[in-house]
Protein chains: 2
Amino acid sequence: MPNIKQIAEAAGVSVTTVSRVLNGHPYVSSAKREAVEEAIRRLNYSRNMNAVHLIKGMTQTIGVILPNINHYYFARIMEGVAKQALKNNYQLMLCQTGYRPNEERKVLEMLRNKQMDGLIICSRALSLRDIEVFADYGPIALCERVSGRNLSSVYIDHYASFQTAIRYLWEKGKRRIAFTIYRRNSPSSRSRLKAYTDTLAALGGQAREDWVLDGYLDWEDGAALVDRLLAMNERPDALLITGDQVAAGFILSARLHGIEVPGDFAVIGFDNQPISSLLGITTIDNRLSEIGERAFSIVHAQISGGEGHPVSEELSFQFIERSSV
Amino acid sequence: MPNIKQIAEAAGVSVTTVSRVLNGHPYVSSAKREAVEEAIRRLNYSRNMNAVHLIKGMTQTIGVILPNINHYYFARIMEGVAKQALKNNYQLMLCQTGYRPNEERKVLEMLRNKQMDGLIICSRALSLRDIEVFADYGPIALCERVSGRNLSSVYIDHYASFQTAIRYLWEKGKRRIAFTIYRRNSPSSRSRLKAYTDTLAALGGQAREDWVLDGYLDWEDGAALVDRLLAMNERPDALLITGDQVAAGFILSARLHGIEVPGDFAVIGFDNQPISSLLGITTIDNRLSEIGERAFSIVHAQISGGEGHPVSEELSFQFIERSSV
DNA sequence: CTGTTAGCGCATTCAT
DNA sequence: ATGAATGCGCTAACAG
């Protein structure tokens, strides 16, 4: 592969002039411009972007941390991020770290290394304190509510969405409400647990610790939920299921057991996945794609606009009433 | 951010020595090694990887081209790729190009640019001829059958899998077999169409052009398929549906219309997605995650092992009999 | 409008 | 075991 110097020689100009046409700068006579373009074509030249990255101190790349790309929640966020990245001519580093703190640290280190200009964290194992340290090296946005830190944030109000869902169930006459989550200590789970407790207390209902069901992430977990409920002495009459694929797994498995939704259990799902529409699951649209798009745009704006303060942006969820309650 | 020279000064050694401890080389006295490590810690030094990439002519990054990450098929392949990337300490550039030739070209250009050391193409719009040109700049693997070119390939024999499915339907007494695909001119669709024609001809059945249904990619497409079938004068009695989410969309929508599977239409899906298990869909496991893993490993081996010839690797599909036929 | 020159930060001969 | 010097390929003052 030839370099810029060889192109300069071949075209009979200086490297500066080559660099200028490469970067579309003005002040190049069309004669020289054409000579350079001809040399580039003839020698099959292509710029070595690593040299550009070195000298500019930037890579036009942002990283995305997520536990697993093969899950609707993350793939949908990523889709939104990628859409904006394409539009803004940015590259994406996909970092599937499986909630392993050390892998997350390696990615943060890449920000420091200048392999990426900014970072989006869809979900995390590390503490905010550990993450914030790296904000000195480039803008970081999280897909969760964060405040009082040098970190940007795009989020849905999970507390309010849970409150909405619980009140809806209550109005429909449900008094025995349980809910499922994946990780008990995730930020969203904490908000939801608090909403569960607060809202039922306000309504005069009962928030039961043994009705907080964790470890539910995917289709098969939803299917397994049926057995767990059947084994209970005291069964709930309504379920909030955080993730429509879990809700779908539950509903489809329930049918096989002769259990009816909403008859035996009312169900509210989350994310408004395509499957929820097909099964008539009442759900809450968390606007995942837009979260991804906004996260990208915020990070991108901070990279371009010379930093500025971190941004916090709340997107409003949407309650979608169908027929599972 | 300090650079290697400042660390050298702070530690009272030369930059060479710093570089040596950075890269874990031998022949450094422990006294100097510790001095360097201390200086690194004290000045909060981090290597600028762009300089390393420039001088080494490599980036420890491979790119992945796919049309859309928010689809089971691609997310599952990507999961496999990412698993191996993590294990081998490689970075992944996710390039969601939406079947736009120009975007695919930009990614190929990045290979030439030395922004990535190799490339995996999950699905494509460009011709093999256009792609092959770039194999001079780094190993490229496609997730489809390719031969006689300077390109590696990991694939399932779609011809054989279709043949298997059609014969199975035939044995079950089905004589009016239709099938759905997404893109009519994709390589896999061509194989499938040929298998459809050949196999039915061999069995003495009828391959009908109007029973080749294209444009079916996702859940809602499956749901829409119901209407399309109902509008037909002559209806098939069996469907091969390439993608379990499409099959699921069809089955769930069919139920709402009082149509029975397998009673009115037998269905065979593809990919062995979790939903197929929940709905009892007979399907063909295309081993997507392993395709991703193998694609990564092949590209990685070629990068490390100084090229060598392109590799072609066929993975065997698995027919999974359930209750939709 | 054009060219000379000086780095960007690092790895790596080649001496010693 | 260590260091001086060279260069990876490019951009951007600066000087004309």
Side-chain angles (χ1 to χ4, degrees), chain A residues 1-40 43-61 109-117 137-138, chain B residues 1-40 43-61 109-117 137-138:
Chain A
M1 289 278 285
N3 59 26
I4 200 176
K5 196 169 167 189
Q6 293 164 351
I7 298 301
E9 282 170 14
V13 300
S14 73
V15 293
T16 308
T17 301
V18 178
S19 178
R20 284 200 179 103
V21 338
L22 246 30
N23 293 287
H25 286 188
Y27 302 128
V28 180
S29 70
S30 51
K32 298 216 168 187
R33 163 164 283 119
E34 276 157 31
V36 169
E37 282 165 351
E38 191 276 331
I40 286 175
L43 301 186
N44 190 26
Y45 169 78
S46 172
R47 200 162 26 169
N48 184 327
M49 289 306 290
N50 292 320
V52 177
H53 294 163
L54 171 60
I55 201 167
K56 296 231 174 188
M58 306 196 68
T59 54
Q60 300 264 104
T61 299
E109 200 57 47
M110 290 172 65
L111 187 59
R112 202 156 161 250
N113 279 340
K114 296 193 170 302
Q115 296 200 68
M116 40 183 71
D117 303 339
Y137 309 114
Chain B
M1 289 279 284
N3 59 26
I4 201 177
K5 197 170 166 189
Q6 292 163 341
I7 299 302
E9 282 169 14
V13 300
S14 73
V15 293
T16 310
T17 301
V18 176
S19 179
R20 285 199 178 104
V21 337
L22 245 30
N23 294 287
H25 286 189
Y27 302 127
V28 179
S29 69
S30 52
K32 297 215 169 187
R33 162 163 285 120
E34 275 157 31
V36 169
E37 283 165 351
E38 190 276 332
I40 287 175
L43 300 188
N44 190 24
Y45 169 78
S46 172
R47 202 163 23 173
N48 183 328
M49 290 307 291
N50 291 320
V52 178
H53 294 163
L54 171 59
I55 203 167
K56 295 229 176 190
M58 305 195 69
T59 54
Q60 300 266 102
T61 299
E109 200 57 47
M110 289 170 66
L111 187 59
R112 202 158 162 247
N113 278 340
K114 297 196 169 300
Q115 297 199 69
M116 40 182 72
D117 302 339
Y137 310 114

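In what follows, every chain begins at residue 1, and chains take the letters A, B, ... in the order their sequences are listed.
With a 4.5 Å cut-off on side-chain heavy atoms, A/L43 and A/E9 do not count as touching. Within the 4.5 Å cutoff, no side-chain heavy atoms of A/N113 are placed close to those of A/Y137. Counting heavy atoms from C-beta on, the side chains of B/N48 and B/M1 never come closer than 4.5 Å. With a 4.5 Å cut-off on side-chain heavy atoms, A/S19 and A/V15 do not count as touching.
Among the protein residues, A/K5 comes within range of no part of the nucleic acid, since none of its heavy atoms lies under 4.0 Å from any strand. Across all strands shown, B/R20 has heavy atoms under 4.0 Å from base atoms, whether or not it also approaches the sugar-phosphate. Among the protein residues, B/N50 comes within range of no part of the nucleic acid, since none of its heavy atoms lies under 4.0 Å from any strand.
For B/L54, taking side-chain heavy atoms from C-beta onward, the closest of the listed nucleotides D/dC10, C/dT2, D/dC8 is D/dC8. Between D/dC10, C/dA11, C/dT2, one nucleotide has an atom nearer to the side chain of B/L22 than all others, and that is C/dA11. Of the candidate nucleotides D/dC14, D/dG9, D/dT11, D/dT11 has the atom nearest to the side chain of A/N23. Proximity note for A/Y27 (side chain, C-beta onward) versus C/dT2, D/dT2, C/dC10: the nearest is C/dT2. In this structure, of D/dG9, C/dA11, D/dC10, it is D/dC10 that holds the atom nearest to the side chain of A/Y45. When the nucleotides C/dA11, C/dG9, D/dT11 are ranked by their closest atom to the side chain of B/K56, C/dA11 comes out on top.
B/D117 places a side-chain N or O within donor-acceptor distance of the main-chain N or O of B/T59, the cut-off being under 3.5 Å. Without hydrogens or angle criteria, A/N50 side chain to B/K114 main chain gives a donor-acceptor distance under 3.5 Å. Here the side chain of B/N3 pairs a donor or acceptor atom with the backbone of B/K5 at under 3.5 angstrom.
Here the P atom of nucleotide D/dC8 and the CD1 atom of B/I55 are 9 Å apart, to the nearest Å. Across the protein-nucleic acid pair, B/I40 atom CD1 and C/dG9 atom C1' stand 14 Å apart, rounded to whole Å. Rounded to an integer number of Å, the gap from A/H53 NE2 to D/dC10 P is 12 Å. Taking atom CD on A/Q115 and atom P on C/dC10, their separation rounds to 13 Å, with Å as the unit. One atom, CD1 of A/I4, and another, C1' of D/dC8, lie 13 Å apart when rounded to the nearest Å. Between the NE2 atom of A/H25 and the P atom of D/dA13 there is a distance of 10 Å, given to the nearest Å. Spacing between atom CD of B/Q6 and atom P of C/dG9 amounts to 8 Å, rounded to whole angstrom units. For B/I7 and D/dT2, the CD1 to P distance is 17 Å, given to the nearest whole Å.
For the pair A/K32 and C/dG3, the criterion of a side-chain N or O lying under 4.0 Å from OP1 or OP2 is met. Proximity of B/N48 to the phosphate of C/dG9: no side-chain N or O atom is located under 4.0 Å from OP1 or OP2.
Residues of residues 8-19 of chain B having a heavy atom closer than 4.0 Å to DNA chain C, listed by number: B/T16, B/S19.
Exactly one residue among B/V36, B/V52, B/I7, B/I40 makes a side-chain contact (heavy atoms from CB on, under 4.5 Å) with B/L22. That residue is B/I40.
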